[in-house]
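Below: the structure, in structure tokens.
First the proteins, then the strands, lettered A, B, ... as listed; each starts at 1. As the structure is a computational prediction, the values presented were derived from the model and not from experiment.
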2 protein chains.
Amino acid sequence: MMKKSTILDVAKRAGVSSSTVSHVLNHYDDIGEETKKKVLAVAKELDYAPNYAAKRLSSKNKKQIALILNEINVTRGVAMPLEILGGVIEALDKTEYEFVFYAVNGRKQKMKSLKQFCGERDISGLIIQGLTTEDPYYHELKRLDVPTVAIDMTVKNGSVGSVSIDNQAAAAEVARRLLASGNKKILFINGSNNAAVAMEREAGVRSVIAHPLISYANFSEEMAFQIVEQMERIEEIDAIFAASDLMAIGVIKALKKRNVAKKIDVVGFDDITLASYITPSLTTVRQNIPEFTKVAVADLIQQIETGKVVQKYIPYEIIVRDSARL
Amino acid sequence: MMKKSTILDVAKRAGVSSSTVSHVLNHYDDIGEETKKKVLAVAKELDYAPNYAAKRLSSKNKKQIALILNEINVTRGVAMPLEILGGVIEALDKTEYEFVFYAVNGRKQKMKSLKQFCGERDISGLIIQGLTTEDPYYHELKRLDVPTVAIDMTVKNGSVGSVSIDNQAAAAEVARRLLASGNKKILFINGSNNAAVAMEREAGVRSVIAHPLISYANFSEEMAFQIVEQMERIEEIDAIFAASDLMAIGVIKALKKRNVAKKIDVVGFDDITLASYITPSLTTVRQNIPEFTKVAVADLIQQIETGKVVQKYIPYEIIVRDSARL
DNA sequence: CTGAAAGCGCTTACAG
DNA sequence: CTGAAAGCGCTTACAG
């Protein structure tokens with residue numbers, strides 16, 4: 001493998017200075033046509049590729065947006081991180097900001113703070129998803145002075161932007177429609193109490209049903225299954241509302257096993273791919289992830305450039321399928 | 001936002017030279033205990049974060065492995081890119097190589113060659129997935145002198161490593177077992193003829209069945225659905241083998257619509273999450289993606305360090321479910 | 001229109 | 001054990 005050629009190699013061979021090469025390659029408009037052609041030809045001939053690190057180090061223009069995804073690979077069947085990744089890359093593609101990807105987990109969060117990461121990499125702004133209130137980064141966000149937009153997650157402090165649906169309103173609407181369609185006794189299976197969105201969904205349910213039955217299944221299909229499988233006097237329940245589709249699927253499996261699937265309405269949350277494929281197909285709350293990412297990128301760039309921080313709700317949609325004819 | 005502090009700021013404040021700071025921070029063992037403590041304290045005090053670009057530019061040690069994923073966000077329900085991403089990050093985490101992520105599509109491939117990318121970023125090795133034979137990068141791989149391992153994809157040229165199942169053998173085994181369980185007339189629905197694995201699967205089928213019925217559905221659920229929905233004399237078909245689970249699901253939907261689902265065996269390929277959730281649950285060929293990524297990373301590092309290129313098969317597994325009791 | 005030179009913030013022989 | 005200095009490969013005022 002030949003030694004990589006540098007801007008100086010190109011300059012020498014083209015008989016010009018490296019400043020001139022730099023100007024040509026960066027599309028400055030102050031270079032003679034002849035010179036430009038010559039330089040371009042030589043650059044191609046030498047397979048010149050400008051060193052990225054040198055470019056970043058020397059340039060004043062440091063527009064970089066990092067996407068931070070936590071615990072990317074935990075749950076089979078849930079593609080949100082992938083949708084966000086694809087969406088952010090696509091949206092950033094149309095801007096002058098460069099994309100930097102950083103996948104973390106609890107351990108990595110402890111090893112390197114957000115501030116460290118942003119400092120090392122000259123990050124102008126952050127899009128972040130997947131943190132629970134137990135995560136170090138969640139708390140660091142509140143005092144971080146780097147523009148940030150959180151996706152599907154709200155941070156109490158006002159200096160962090162966010163894009164999500166109105167989880168409380170959505171859950172309230174589901175609860176209301178469950179009641180309206182004749183259900184009296186409703187069980188709400190929540191994920192955990194360290195995810196902001198889960199707490200909001202629970203608040204929504206509580207706003208409509210004074211004393212709801214509530215269980216926690218840690219966003220796990222298996223745990224939701226067990227809860228319903230072992231529940232006593234299940235016949236008294238009219239409907240089960242789960243804070244995620246995966247848990248709702250666990251519920252449906254358990255109801256089927258107990259032969260009461262037809263009598264009990266089930267509603268999920270997210271509209272993952274599975275929701276429309278299982279039997280019965282799952283009534284659920286759809287979140288428009290592509291829209292989340294587009295808005296997050298736009299809001300973040302605005303925040304970087306003007307300092308304006310917004311917390312935005314994206315419209316949700318209740319998708320009625322066979323598991324509950326709301 | 002305060003100006004970022006540099007190594008020189010730390011050095012001055014600690015009353016030492018920047019070389020000393022560098023040595024302390026990079027865990028050289030030739031620094032006095034006192035000095036070390038002082039430097040560390042000052043670094044923390046100033047929230048010092050070593051500039052990444054400067055570090056890369058100046059350092060001799062440039063161990064970086066890039067993961068290149070093509071068309072990351074096309075198909076809902078297919079999580080392979082995410083599994084690979086998570087797996088590669090995790091595997092790399094245990095090595096001294098750094099992770100670089102690069103998501104491309106047809107347009108980006110045209111704008112920047114692999115060679116350019118590797119040159120700019122000082123990439124020591126490449127893991128790549130998702131290319132078809134129509135992709136520019138697919139062809140560039142053959143003449144690229146950067147160590148590379150392809151996942152779920154074979155490149156004819158011997159200088160590219162690969163990790164996949166033996167697609168031909170797997171498809172042949174499915175065909176054989178379909179015959180063995182009494183099916184006579186078998187339709188093979190393939191994806192496309194520009195994906196290496198698709199061609200291998202077809203070769204496997206042909207190796208067992210002399211003149212198989214073959215259709216192409218471009219890996220699309222909808223297209224597979226239409227093919228089966230509109231097929232004449234479907235009652236003459238005993239079994240349908242699709243080259244992907246998504247297409248198999250389209251097949252099942254169409255068979256259900258035509259009320260012949262119970263009479264016709266269906267087998268898919270991949271074992272995506274959906275496979276076990278649909279009704280009837282789908283018999284399919286499972287690929288062990290986590291294993292793919294582990295092996296790919298190990299092979300790539302070996303290739304970088306010793307030059308040895310291997311093309312490796314990972315064992316597949318035929319998962320028998322309700323759609324075909326093989 | 002083009003070039004000389006400083007500077008970005010590190011690492012790394014080398015000297016002492 | 002510590003420091004002075006060169007060098008990594010670019011960009012960018014500035015001068016002409």
Side-chain angles (χ1 to χ4, degrees), chain A residues 2-40 42-43 46-64 96 98 116 118-124, chain B residues 2-40 42-43 46-64 96 98 116 118-124:
Chain A
M2 229 175 40
K3 189 86 186 58
K4 261 210 62 188
S5 49
T6 70
I7 199 172
L8 207 61
D9 299 326
V10 176
K12 277 184 194 150
R13 198 167 234 260
V16 298
S17 75
S18 61
S19 337
T20 300
V21 175
S22 177
H23 278 209
V24 171
L25 265 24
N26 292 298
H27 307 103
Y28 281 56
D29 57 350
D30 60 352
I31 304 290
E33 205 47 49
E34 282 304 291
T35 319
K36 187 185 286 186
K37 262 187 198 149
K38 179 71 182 161
V39 168
L40 255 17
V42 172
L46 296 185
D47 261 324
Y48 173 67
N51 181 288
Y52 184 78
K55 210 159 175 165
R56 288 218 66 77
L57 180 58
S58 63
S59 176
K60 259 53 186 150
N61 172 30
K62 319 223 167 187
K63 300 191 164 182
Q64 290 195 124
E96 45 178 2
E98 257 173 45
Q116 279 273 328
C118 294
E120 288 177 0
R121 305 288 285 254
D122 260 322
I123 300 298
S124 351
Chain B
M2 230 174 41
K3 189 85 188 62
K4 262 210 63 190
S5 49
T6 71
I7 199 172
L8 206 61
D9 299 327
V10 177
K12 277 184 193 152
R13 197 167 234 261
V16 298
S17 75
S18 61
S19 336
T20 301
V21 176
S22 177
H23 278 210
V24 172
L25 264 24
N26 292 298
H27 307 105
Y28 282 55
D29 56 351
D30 59 352
I31 303 289
E33 204 48 49
E34 282 303 292
T35 319
K36 189 186 283 186
K37 260 188 199 146
K38 178 73 183 158
V39 168
L40 254 16
V42 172
L46 296 185
D47 261 325
Y48 172 67
N51 181 287
Y52 184 78
K55 208 159 178 165
R56 289 217 65 75
L57 180 60
S58 62
S59 176
K60 261 51 188 149
N61 173 30
K62 318 224 168 188
K63 299 190 165 183
Q64 290 195 124
E96 45 178 0
E98 256 174 46
Q116 280 272 328
C118 294
E120 288 176 359
R121 305 288 287 253
D122 261 320
I123 300 299
S124 352

Taking for each residue the nucleotide of DNA chain D bearing the nearest heavy atom, is the 5' side occupied by A:S59 or by A:A54?
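Looking at DNA chain D, the more 5' nearest nucleotide goes with A:A54.
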Please figure out whether B:K62 or B:G32 has its closest DNA chain D nucleotide nearer the 5' end.
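Closest to the 5' end, via its nearest nucleotide, is B:G32.
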Mind checking which nucleotides bracket the chain A contacts on DNA chain C, 5' to 3', with an atom under 4.0 Å from a heavy atom?
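From 5' to 3', the first and last contacting nucleotides are C:dC1 to C:dG9.
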Pair B:S19, B:S22: side-chain N/O donor-acceptor within cut-off below 3.5 Å
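The criterion, which ignores hydrogens and geometry beyond distance, is not satisfied for B:S22 and B:S19.
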Nearest heavy-atom neighbours spanning B:A49 and A:Q116:
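Looks like CB-O, 3.7 Å.
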Mind listing the closest non-hydrogen atom pair of A:S17 and A:A11 along with its distance?
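It is C-CB, 3.6 Å.
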Neighbour count >12 (heavy atoms, 6.0 Å) for atom NZ, B:K62
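Result for NZ/B:K62: enclosed.
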Where are the stems of DNA chain D, defined as at least 3 consecutive Watson-Crick or wobble G-U pairs with both distances under 3.5 Å?
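Stems found: C:1-3 with D:14-16, C:5-12 with D:5-12, C:14-16 with D:1-3.
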For the backbone of A:A53 and the side chain of A:N51, can you confirm whether one donor and one acceptor N or O come within less than 3.5 Å of each other?
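Flag set: sc A:N51 to bb A:A53 pair under 3.5 Å.
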Main-chain N/O of A:E120 paired with B:K55 side-chain donor or acceptor, under 3.5 Å:
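Pair absent, no side-chain N/O of B:K55 close to backbone of A:E120.
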Spacing of [X] atom [atom1] and [Y] atom [atom2] [to the nearest 0.5 Å]:
| X | Y | atom1 | atom2 | value |
| --- | --- | --- | --- | --- |
| B:Y48 | B:L40 | OH | CG | 12.5 Å |
| B:I7 | B:L46 | CD1 | CG | 12.0 Å |
| A:D9 | A:D47 | CG | CG | 12.5 Å |
| A:R56 | A:Q64 | CZ | CD | 3.0 Å |

Would you indicate what A:Y28 reaches in the nucleic acid, counting non-hydrogen atoms under 4.0 angstrom: base, sugar-phosphate, or nothing?
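Here A:Y28 touches the backbone only, sparing every base.
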Selection: residues 13-23 of chain B, any non-hydrogen atom under 4.0 Å of DNA chain C
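B:S19, B:S22, B:H23, in order of number.
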